[in-house]
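Report on the following structure.
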Number of protein chains: 2
Amino acid sequence: MYQDLIERLKQDPVNRDKFKKLFRETEVPTKKTLLCEGDISNNIYFIKKGCLRLWFNNDGKDITFQFFFENNAVSSIESFLEEKPSQFNLESIEPSKLVVLSRAGFEILGNHYPELKEGFFKLMLNRMNNYANLFLSRIKDNPRKRYDELVKTHPEIIRRIPQHYIASYLGITPISLSRIRNKK
Amino acid sequence: MYQDLIERLKQDPVNRDKFKKLFRETEVPTKKTLLCEGDISNNIYFIKKGCLRLWFNNDGKDITFQFFFENNAVSSIESFLEEKPSQFNLESIEPSKLVVLSRAGFEILGNHYPELKEGFFKLMLNRMNNYANLFLSRIKDNPRKRYDELVKTHPEIIRRIPQHYIASYLGITPISLSRIRNKK
DNA sequence: ATCCGACGATAACAATTGTTAAGATGTGAA
DNA sequence: TTCACATCTTAACAATTGTTATCGTCGGAT
């Protein structure tokens, strides 16, 4: 959806040349860090291909709390908006093709295309909603049920993401996840 | 803060009489249900005195996930805004004095006082923020640390709320909470 | 005053999950 | 190829937390 918007912007007959150069395309290998805890997020990334994860370091433990796939936009929102150090790391899980939009570019475009800002607001609500659902699932469900739900609602995560990331996302150890998968 | 706004609205020299009657004051005893799971939320409550909790039923288990005290506004926001059945119950924990504003009243006032709508939006962000914090604390901390944090950041909850509600808020059993409190 | 229900503590036991360690497999780089 | 590394599984054991049940206290209602 967001991807569509970007494509449309880039084709805009009037501003095509002017705006097109605001976007930078890039390819990154697996495990490439795009944003580091403590740094200020200056970019929004649109995923053309591949996938990314948002994670943070908790006493040396790597905790993933959101995955992003094709046609999604990603940013450490609070950091990007308020220009303050990010609490989170953003990293590629697969070799990925990304479209990068800087804060400056975002502001220029945002003035011409209100949809872009609306889209960003929705991105924020989406993230909030993600928190709410993760929270409620941790309250209501035990790890096995959380896993079963994930298989049902996000099979692409099961298919594409290494298990230890999924484990931390579910709030359990990789060992425990392995038990759940195999003692069915 | 919200309470202040309400008081100001009620004192508005121009609209005083017209608007004052939109508010209904009421007193409720302990354990009075103000909103029931499945019903549509038609009111916002401003707490003048006492405290309330938002909870839901999970397989027969009563799970509290937010407490509200004096000078706060409460509503099952999604239900109130979209007029759809509430997922949650709203109940008093202490005898409480409340100011009630209906949806109709809210809309009339909202048209005259944009602050009211802004305030409601903030209420929503606050709720989202609450989700995020609860979620992160469940990931990062074990029950003992969550309890210690609660003591530090919300001593009023420890003081005023019965332990079994606190236990469900922390995601543990009352027995486990009792162990934490006494095996210090 | 007495009874009842809400609240909290504790014990004994069960179940779940984490920890540590070892090994199997596969992939990419030197 | 060979080595290093990432990924996943399994086992044995420890730690945490839940379950069930009992008991004591307190306060309000009759």
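Numbered from 1 within each chain, the chains take letters A, B, ... in sequence-line order. Because only heavy atoms are used, hydrogens play no part in the values below, and waters and symmetry mates are left out as well, while side chains stay in.
Of all nucleotides listed (dT17(C), dT20(D), dG8(C)), dG8(C) comes nearest to the side chain of Gln163(B). Comparing dT17(D), dT19(C), dC7(C) by their nearest atom to the side chain of Pro162(B) picks out dC7(C).
What separates NZ of Lys31(A) from C1' of dA29(C) is a distance of 16 Å, to the nearest Å. Distance Ile172(A) CD1 to dC8(D) P: 13 Å, rounded to the nearest Å. One can place CD of Glu94(B) at 16 Å from C1' of dG27(D), the figure rounded to the nearest angstrom. Put simply, CG on Asn142(A) is 20 Å from P on dA14(C), counting in whole angstrom units. At whole-Å resolution of the value, CG in Asn182(A) and C1' in dC8(D) are 9 Å apart. Separating the CG atom of Asp141(B) from the P atom of dT17(D) is a distance of 12 Å, rounded to the nearest angstrom. Ile180(A) has its CD1 atom 9 Å from the C1' atom of dT17(C), to the nearest Å. With rounding to whole Å, Lys145(A) atom NZ is found 13 Å from dT17(C) atom P.
Residue-environment remark: CZ (Arg24(B)) stays at or below the threshold of 12 foreign heavy atoms within 6.0 Å.
Backbone-only engagement by Pro143(B) is indicated by non-hydrogen atom pairs under 4.0 Å involving sugar-phosphate atoms exclusively. Residue Ile175(B) is in base contact, counting any heavy-atom pair closer than 4.0 Å across all strands shown.
Within the structure, every side-chain polar atom (N or O) of Ser176(B) is placed at least 4.0 Å from both OP1 and OP2 of dT17(D). In this structure, His164(B) does not reach the dA6(C) phosphate: none of its side-chain N or O atoms is under 4.0 Å from OP1 or OP2. Distances shown here put a side-chain N or O of Thr173(B) below 4.0 Å from the OP1 or OP2 atom of dG18(D).
Annotation: side chain of Ser178(A) is in contact with side chain of Asn182(A) (closest heavy-atom distance under 4.5 Å).
Ring pair Phe67(B)/Tyr169(B) is tilted by interplanar angle, where 30° to 60° counts as tilted. Ring geometry for Phe56(B) versus Phe65(B): interplanar angle of 30 to 60°, hence tilted.
Of the two residues near DNA chain C, Tyr165(B) and Pro174(B), the one whose nearest nucleotide lies more 5' is Tyr165(B).
For the 3.5 Å distance criterion, the side chains of Arg53(A) and Thr64(A) qualify, holding a donor opposite an acceptor.
Residue Arg179(A) places a side-chain atom within donor-acceptor reach of the base of dG18(C), judged by atom type and a 3.5 Å distance cut-off alone.
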